[in-house]
Amino acid sequence: MKLQRDVVIRTALDLLDEVGIDGLTTRRLAERLGVQSPALYWHFKNKRALLDAMAKAMMEAAGMDRPVDPGADWRDWIAEDARRFRRGLLARRDGARLHAGTRPEPAEFAAVESETALLCAHGLSPADALRAEIAIGRYVVGWVLEEQADAADAGEREGERMSAAELAAYPRLAEGMAVVRDADPDAAFDFGLGLLLDGIAARLAR
């Protein structure tokens, strides 16, 4: 039976959840599919191409290919788009590492164009609109990289928190840490996202 491209991608994503990106090899994937490694190269010229296809499928599952709704409020739309992006990355083990370094493909240009046009309609130049989108995208990827690294290392880092005595000489740090270290992850993400959106709003106001 001919190996189907979508079956390879789905199987690779499931394998990613099991072994992580460092453990994901074409040899292991071929074994899972019951084929020899060269069979994969009918669809993917190398491992990078496979990873890019996996990242694209992960983003499609998160709904990241949706164009902007007509009449959308720019701030609400971009905020929800960033949250959707984060959820998509968190849905897969090492999702942020999988996505890092990918670039939009022609099939994704319509969604990017519509978001760029939304910001341009409020006064940004196309270049500044794209820079703003890139900044938010990289914020999301960086945030999730840290989230997933923290989750992976959680067992090894138990007991590493600084004690009250260690923080006594740093009162402002202690006060901030008391709030930040136990904050709801979604609320913490939204706080940083809000700073970026405030920056865009300030640029629009000028």
Side-chain angles (χ1 to χ4, degrees), residues 8-29 32 44 46-65 78-105 108 131-167 170 172-200:
V8 176
I9 294 171
R10 286 199 308 269
T11 304
L13 286 167
D14 291 341
L15 187 58
L16 175 72
D17 285 339
E18 295 178 26
V19 302
I21 201 163
D22 292 327
L24 179 65
T25 64
T26 54
R27 177 182 172 184
R28 182 173 276 175
L29 176 59
R32 177 63 58 90
F44 307 101
N46 51 42
K47 186 178 179 181
R48 180 68 261 174
L50 171 63
L51 294 175
D52 287 348
M54 292 167 61
K56 183 174 184 291
M58 180 175 66
M59 291 297 94
E60 288 174 350
M64 292 302 296
D65 55 348
I78 291 177
E80 183 50 40
D81 194 56
R83 296 184 189 110
R84 191 183 306 118
F85 186 16
R86 174 173 170 251
R87 290 193 295 269
L89 296 178
L90 287 171
R92 293 290 182 175
R93 179 176 174 181
D94 291 334
R97 289 180 63 192
L98 174 64
H99 186 274
T102 61
R103 297 291 183 269
E105 296 183 356
E108 304 167 85
R131 289 186 185 109
E133 293 169 69
I134 291 170
I136 290 173
R138 289 182 176 176
Y139 166 72
V140 177
V141 173
W143 185 278
V144 178
L145 278 171
E146 294 291 347
E147 279 190 289
Q148 293 184 321
D150 285 347
D153 295 341
E156 299 177 10
R157 292 183 175 177
E158 287 185 11
E160 286 188 5
R161 283 188 177 184
M162 294 179 71
S163 67
E166 291 173 316
L167 287 169
Y170 312 100
R172 281 167 290 277
L173 176 59
E175 182 179 346
M177 287 290 291
V179 175
V180 169
R181 67 184 175 189
D182 293 319
D184 173 71
D186 295 339
F189 173 82
D190 279 351
F191 180 85
L193 177 60
L195 295 178
L196 289 170
L197 295 174
D198 287 347
I200 295 173

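Salt-bridge formation is detected for the pair Arg32/Glu18: a Lys NZ or Arg NE/NH1/NH2 atom is positioned less than 4.0 Å from an Asp or Glu carboxylate oxygen. Looking at Asp190 and Arg83, a side-chain N of the basic residue comes within less than 4.0 Å of a carboxylate O on the acidic one, giving a salt bridge. By the 4.0 Å N-to-carboxylate-O rule, Asp52 lies too far from Lys56 to be salt-bridged with it.
Residues Ala62 and Gly88 come closest through the heavy atom pair CB-CA, 3.6 Å. Shown here for Leu89 and Met58, the closest heavy-atom pair between the two residues is CD2-CE, 3.8 Å. Summarising the geometry of Phe189 relative to Tyr139, their closest heavy-atom pair is O-OH, 2.7 Å, with the distance given to 0.1 Å. The two residues Leu50 and Ala12 have their closest heavy-atom pair at CD1-CB, 4.4 Å. Nearest heavy atoms, Leu98 versus Leu51: CD1-O, 3.5 Å. Between Arg92 and Leu13 the shortest heavy-atom distance is NH1-O, 3.3 Å.
Side-chain contact between Val8 and Phe44: present, with at least one pair of heavy atoms (C-beta onward) separated by less than 4.5 Å. By the 4.5 Å heavy-atom criterion applied to side chains, Val19 and Thr25 are not counted as neighbours. Using a 4.5 Å heavy-atom threshold, the side chains of Leu197 and Ile136 count as touching. The shortest side-chain heavy-atom distance between Phe85 and His99 falls under the 4.5 Å cut-off.
The number of heavy-atom neighbours closer than 6.0 Å to CD of Glu175, taken from other residues, nucleotides and ligands shown, is 12 or below. More than 12 heavy atoms of other shown residues, nucleotides or ligands fall within 6.0 angstrom of atom CZ in Arg87. Heavy atoms from other residues, nucleotides or ligands lying under 6.0 Å from CZ of Arg138 number 12 at most.
The backbone N or O of Glu105 lies less than 3.5 Å from a partner atom in the side chain of Glu108, making a donor-acceptor pair. The closest donor-acceptor contact from the side chain of Asp17 to the backbone of Arg93 lies under 3.5 Å. With Arg103 contributing its side chain and Gly101 its backbone, the two residues share a donor-acceptor pair below 3.5 Å. Side-chain atoms of Gln148 come within 3.5 Å of backbone N or O of Ala96 as a donor-acceptor pair. Judged by distance alone, with hydrogens and angles left aside, the side-chain atoms of Asp94 form no donor-acceptor pair with the main-chain N or O of Arg97 at under 3.5 Å.
Taken from CG in Asp14 to CD1 in Ile9, the straight-line distance is 12.0 Å, to the nearest 0.5 Å. Separation of atoms CG (Leu195) and CD1 (Ile200) is listed at 11.5 Å; rounding is to 0.5 Å.
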